[in-house]
Structures are given as C-alpha cells and as structure tokens.
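Below is one structure, written out as structure tokens, with a few remarks after it.
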Amino acid sequence: MKMTAVLFSVAGMLIITTRCVCDAESRYHIRAPISPPLQNRETYLAVQLVARHAQKYESENDTSVRLMPRVDTSQPQLKICCFHGNILDVYLKRILHQKDQYPRMHLLIADLTRINHDLKKHCMSHNRHLIVQFREKLVEMGDGGINKAIGEMDILYTYLQDFCVNA
C-alpha cells in the first residue's frame, strides 16, 4: 500500500514537472499548426498568382526597394510569427482592399483573414517599431507602395509558413 502511494506521488510530481517545462517552453515555440490555411496548397497558389500579377506592374524603382522588413531570426519563433501576423493585419486593413484588380483576391482575403484571426489568439504586439516603419514606407511609396506590398505578399506568406506552422 505504501509503495503504491509513493509511486502515485512520484508519478504526479513527474507529470507536474513535465507540464511546467512544457508550459515554459510553449511561450517560445509553436507545437501545432496555428492556422489551417497556412498549410493549404490552394492558398499558397493564390498568393503566388496574386503576387506575380502585381509584380508585372512594378516600375524599375520598385524592384530595387524591399518593403517587407527584415527580422532578426535569432528571436523566439513565436515572436517572429506574431510580428508577421501584425504585418498581415496591416495588409488586411490597408492594402488588400483592391479586390477586383487581382485574380482570386476575394478567396485569398478570406484565407488571410482566417490566418489573421487564428494568429490573434496566440500573439501580442511584437516589433512595433518595424511595423511603424513598414506603414511609413508604404505611405511614402504612394500607389506604388500598395502594388509593391501585394507583389511581396508571397514573401509574407512564406514567413508566416516558416514561423507559424510547426516548430
């Protein structure tokens, strides 16, 4: 009887210890897919199609400028994921309202909205200064900035896949 109690006690402590380690680790790593559209081939193809369509209309000046901010990849994965989720939020609020100009945009917006919604459950605001820089550069570029951002949507989607699916 004493042996059984000791075993249950040790097993309980092992479970509690394991749970604490996992909880602490989960703050920095994503263990499961956050949003199904990030693993959807149709969404990926739609992003590629829209980005290539927008790239056809870039001027020579636009091709030498990168709108998407570079991020320090030594940061925790969830922080990088959430940063790109915040950039996605800017896309949905300020960039992708020109649905009719690009093929399959209405379907893509639905998937990107789902990703944005799913990420908000896991993310806080990260790298706010980079998001402000992104918005400022977008405004500075004017109408060309909107087209440039849509042309770089494939970069954003790739970052979301790389940092927000599985770690």
Side-chain angles (χ1 to χ4, degrees), residues 28-167:
Y28 301 108
H29 297 287
I30 300 162
R31 294 287 174 215
I34 288 182
S35 186
L38 286 174
Q39 295 179 306
N40 184 320
R41 179 138 175 85
E42 292 302 314
T43 304
Y44 172 81
L45 293 173
V47 166
Q48 296 298 315
L49 179 70
V50 169
R52 284 193 188 113
H53 185 77
Q55 290 165 4
K56 289 179 189 176
Y57 299 103
E58 287 182 11
S59 70
E60 279 187 37
N61 293 340
D62 290 343
T63 58
S64 64
V65 175
R66 180 182 165 125
L67 187 58
M68 189 66 58
R70 296 188 193 278
V71 176
D72 177 9
T73 56
S74 67
Q75 297 178 39
Q77 183 170 343
L78 183 59
K79 188 173 183 177
I80 297 170
C81 169
C82 293
F83 166 71
H84 288 98
N86 289 330
I87 293 289
L88 176 60
D89 196 54
V90 173
Y91 267 74
L92 289 167
K93 290 178 179 172
R94 299 181 182 211
I95 297 169
L96 299 180
H97 58 277
Q98 301 177 5
K99 302 174 199 170
D100 302 331
Q101 186 177 349
Y102 299 97
R104 298 175 64 182
M105 182 63 88
H106 63 286
L107 299 171
L108 187 55
I109 287 175
D111 283 345
L112 294 176
T113 300
R114 166 72 190 277
I115 293 167
N116 191 45
H117 174 76
D118 293 344
L119 289 177
K120 285 185 187 267
K121 296 175 195 173
H122 300 273
C123 295
M124 303 296 271
S125 180
H126 291 286
N127 295 318
R128 187 54 89 187
H129 67 285
L130 291 176
I131 294 164
V132 169
Q133 287 175 359
F134 176 77
R135 283 190 208 143
E136 288 172 352
K137 192 183 278 188
L138 187 64
V139 169
E140 182 182 306
M141 291 179 74
D143 289 339
I146 298 291
N147 190 65
K148 178 69 173 173
I150 293 172
E152 289 186 1
M153 200 162 47
D154 55 342
I155 298 170
L156 174 62
Y157 189 79
T158 299
Y159 285 155
L160 289 167
Q161 285 183 312
D162 289 349
F163 294 102
C164 299
V165 176
N166 284 325

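This one's a predicted model, so the numbers in the text were calculated from it and none came from an experiment.
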Please check: side-chain N/O of [X] versus main-chain N/O of [Y], any donor-acceptor pairing under 3.5 Å?
| X | Y | result |
| --- | --- | --- |
| Tyr91 | Ala149 | yes |
| Glu152 | Leu67 | yes |
| Gln77 | Phe163 | yes |

> With sequence neighbours left out, what residues match Tyr159 under ring-ring contact (aromatic ring centres under 6.0 Å, His included)?
Replying inline: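 ring-ring contact (aromatic ring centres under 6.0 Å, His included) list for Tyr159, sorted by chain: His84.
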With sequence neighbours left out, what residues match [X] under side chain to side chain contact (heavy atoms under 4.5 Å, CB included)?
| X | answer |
| --- | --- |
| Thr113 | Leu92, Ile109 |
| Asp118 | Ile34, Ser35, Pro36, Arg114, Lys121 |
| Leu49 | Pro103, Arg104 |
| Asp154 | Val47, Gln48, Ala51, Gln55 |

>> Which residues pass the side-chain hydrogen bond (donor to acceptor under 3.5 Å, both in side chains) test with Ser74, not counting sequence neighbours?
In response: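 For Ser74, the residues satisfying side-chain hydrogen bond (donor to acceptor under 3.5 Å, both in side chains) (neighbours in sequence not counted) are Asp72.
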> Pick one: which of Leu88, Leu112, Val90 meets side chain to side chain contact (heavy atoms under 4.5 Å, CB included) with Leu156?
Replying inline: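 Exactly one pass, corresponding to Leu88.
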Using distance only, find each side-chain donor-acceptor pair of residues 134-142 under 3.5 Å and give its atom names and separation, not counting sequence neighbours.
from, atom 1, to, atom 2, distance (Å)
Lys137, NZ, Arg66, O, 2.9

> Are Phe83 and Gln75 close enough that some pair of their side-chain heavy atoms sits under 4.5 Å apart?
Replying inline: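 In short, these two side chains do not touch, never coming nearer than 4.5 Å.
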> salt bridge (Lys or Arg N to Asp or Glu O under 4.0 Å) with Lys93: which residues, sequence neighbours excluded?
Replying inline: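 Scan of Lys93 (salt bridge (Lys or Arg N to Asp or Glu O under 4.0 Å), adjacent residues dropped) gives Asp89.
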> Would Cys81 and Cys164 satisfy disulfide (SG to SG under 2.5 Å), going step by step from the backbone distance to the final call?
Replying inline: CA-CA 5 Å; Cys81 169; Cys164 299; 2.0 Å; yes
If every non-hydrogen atom of [X] is compared with every non-hydrogen atom of [Y], which pair is closest and at what distance?
| X | Y | value |
| --- | --- | --- |
| Asn116 | Gly85 | OD1-O, 3.6 Å |
| Val165 | Gln39 | CG1-NE2, 3.2 Å |
| Gly151 | Ala54 | N-CB, 3.6 Å |
| Tyr157 | Pro37 | OH-O, 2.6 Å |

What distance separates [X] [atom1] from [Y] [atom2], expressed to the nearest 0.5 Å?
| X | Y | atom1 | atom2 | value |
| --- | --- | --- | --- | --- |
| Ile131 | His129 | CD1 | NE2 | 9.5 Å |
| Leu107 | Leu45 | CG | CG | 12.5 Å |
| Leu38 | Thr158 | CG | OG1 | 10.5 Å |

> Taking it one step at a time, do Ile95 and Met153 satisfy side chain to side chain contact (heavy atoms under 4.5 Å, CB included)?
Replying inline: CA-CA 10 Å; Ile95 297 169; Met153 200 162 47; over 6 Å; no
